[in-house]
Amino acid sequence: MVASAYGCKCHVVIPDDAAIEKAQTLEALGATVDRVRPVSISHKDHFVNIARRKAELAESAYRAQLDGKNESEKDCRGGYFADQFENLANFRAHYQHTGPEIWAQTSGDLDAFIAAAGTGGTVAGISRFLKEKDKRIQCFLIDPPGSSLYNRVTRGVMYAHEEAEGKRLKNPFDTITEGIGINRLTENFKLALLDGAFRGTDREAVEMARFLVKKEGLFLGSSSAMNCVGAYRVAKQLGPGHTIVTILCDSGIRHLSKFYNVDYLARLNLTPTAEGLEFLGTKEPI
């Protein structure tokens with residue numbers, strides 16, 4: 001949408017295991033979408049590296065075109081790599097806007113914040129803002145299967161030596177959640193101020209999403225469902241009488257082909273069966 005507003009072409013590169021409706025939405029908005037196989041960031045054909053190369057090639061071609069031209073003859077062609085994972089505009093957006101919004105809506109009366117991380121900008125920007133406002137506010141990470149951020153927060157290490165980026169070229173663990181969990185430390189996530197972390201599972205995310213549809217009328221995607229799993233974990237840890245905030249960051253409408261697909265879930269033995277929150281180990285009435 002921003003590219004269209006500025007009269008620019010938008011080229012998006014995403015893993016081919018992402019829900020197809022995400023690519024379809026981007027294409028409907030006018031973007032060109034490349035869907036590529038998911039590989040380690042150390043591989044030249046990781047979607048981030050492909051996007052960077054495409055932007056650099058476009059910019060190089062533009063610079064070559066300018067040789068010998070006057071300034072007045074320049075046009076807007078070229079390439080710019082948005083660098084989603086490392087671009088600190090991501091962090092600043094949440095530090096300058098989302099964090100203050102949470103603070104204002106709770107009148108500063110909150111005890112904890114928790115969210116999952118993909119690029120890390122959301123959890124970093126919000127946690128740092130809230131901690132600067134009141135250091136007593138506890139901030140946590142909820143991490144899906146296959147991600148190394150939980151170990152980073154709780155143990156100070158990202159992964160076992162044999163799984164280090166730069167050596168492991170096989171496809172990463174395929175969790176059903178999309179947009180969260182990562183096996184490297186981004187510039188955005190480095191700015192997070194966290195008190196601890198929790199592990200979430202694919203089954204918990206699937207069951208939580210169905211619980212929220214039935215009990216709250218909230219139709220959420222996998223990231224939001226995992227965030228709510230985390231909020232429950234923090235609530236159990238802190239006990240009654242506390243205010244806990246998380247982010248509902250994606251709609252279920254972007255996850256119909258996988259996260260809400262009955263046949264897909266059945267193949268993974270993830271068919272939801274819970275009536276309440278028993279999948280989280282609680283016996284309390286809902």
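Here the CZ-CD distance, from Arg199 to Glu204, works out to 11.5 Å after rounding to the nearest 0.5 Å. Taking CG from Asn151 and CG from Asp143, the interatomic distance works out to 8.5 Å, rounded to the nearest 0.5 Å.
Among Lys258, Arg37, Glu178, the one residue that satisfies the side chain to side chain contact (heavy atoms under 4.5 Å, CB included) test with Asp17 is Lys258. For the side chain to side chain contact (heavy atoms under 4.5 Å, CB included) with Arg35, the lone residue among Ile20, Val12, Val13 that qualifies is Ile20.
One finds a salt bridge joining Lys131 and Asp195 here, because a Lys/Arg side-chain nitrogen approaches an Asp/Glu carboxylate oxygen to under 4.0 Å. Taking the charged nitrogens against the carboxylate oxygens, Asp45 and Arg53 do have a contact shorter than 4.0 Å, which makes a salt bridge.
Among residues two or more places apart in sequence or in another chain, the ring-ring contact (aromatic ring centres under 6.0 Å, His included) test is passed with Phe47 by none. Partners of Tyr80 under the ring-ring contact (aromatic ring centres under 6.0 Å, His included) rule, at least two apart in sequence or in another chain, do not exist in this structure.
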Determine, stepwise, if the pair Ser257 / Asn261 fulfils side-chain hydrogen bond (donor to acceptor under 3.5 Å, both in side chains). CA-CA 5 Å; Ser257 62; Asn261 184 297; over 6 Å; no

Asn49 and His43: side-chain contact (heavy atoms from CB on, under 4.5 Å), yes or no, with the steps? CA-CA 8 Å; Asn49 298 330; His43 196 290; 5.7 Å; no

Got a list of side-chain donor-acceptor pairs under 3.5 Å for residues 242-250, not counting sequence neighbours?
from, atom 1, to, atom 2, distance (Å)
His242, ND1, Leu238, O, 3.4
His242, ND1, Gly239, O, 2.9
His242, ND1, Pro240, O, 3.2
Thr246, OG1, Ile114, O, 2.7
Asp250, OD1, Ser224, N, 2.9
Asp250, OD1, Ser224, OG, 2.6
Asp250, OD2, Ser222, N, 3.3
Asp250, OD2, Ser223, N, 3.2
Asp250, OD2, His255, NE2, 3.0

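In summary, the side chains of Tyr95 and Glu132 do present a donor paired with an acceptor at a separation below 3.5 Å, with no hydrogens or angles considered.
The minimum heavy-atom distance between Lys190 and Leu185, with the atom names listed, is CG-CG, 3.8 Å.
Taking the ring axis of Phe129 as reference, the NZ or CZ atom of Arg92 does not stay both within 45° of it and closer than 6.0 Å to the ring centre.
Note: Phe198 and Phe140 meet the aromatic proximity criterion, with ring centroids under 6.0 Å apart. Two rings, from Phe279 and Phe211, have their centers 6.0 Å or more apart.
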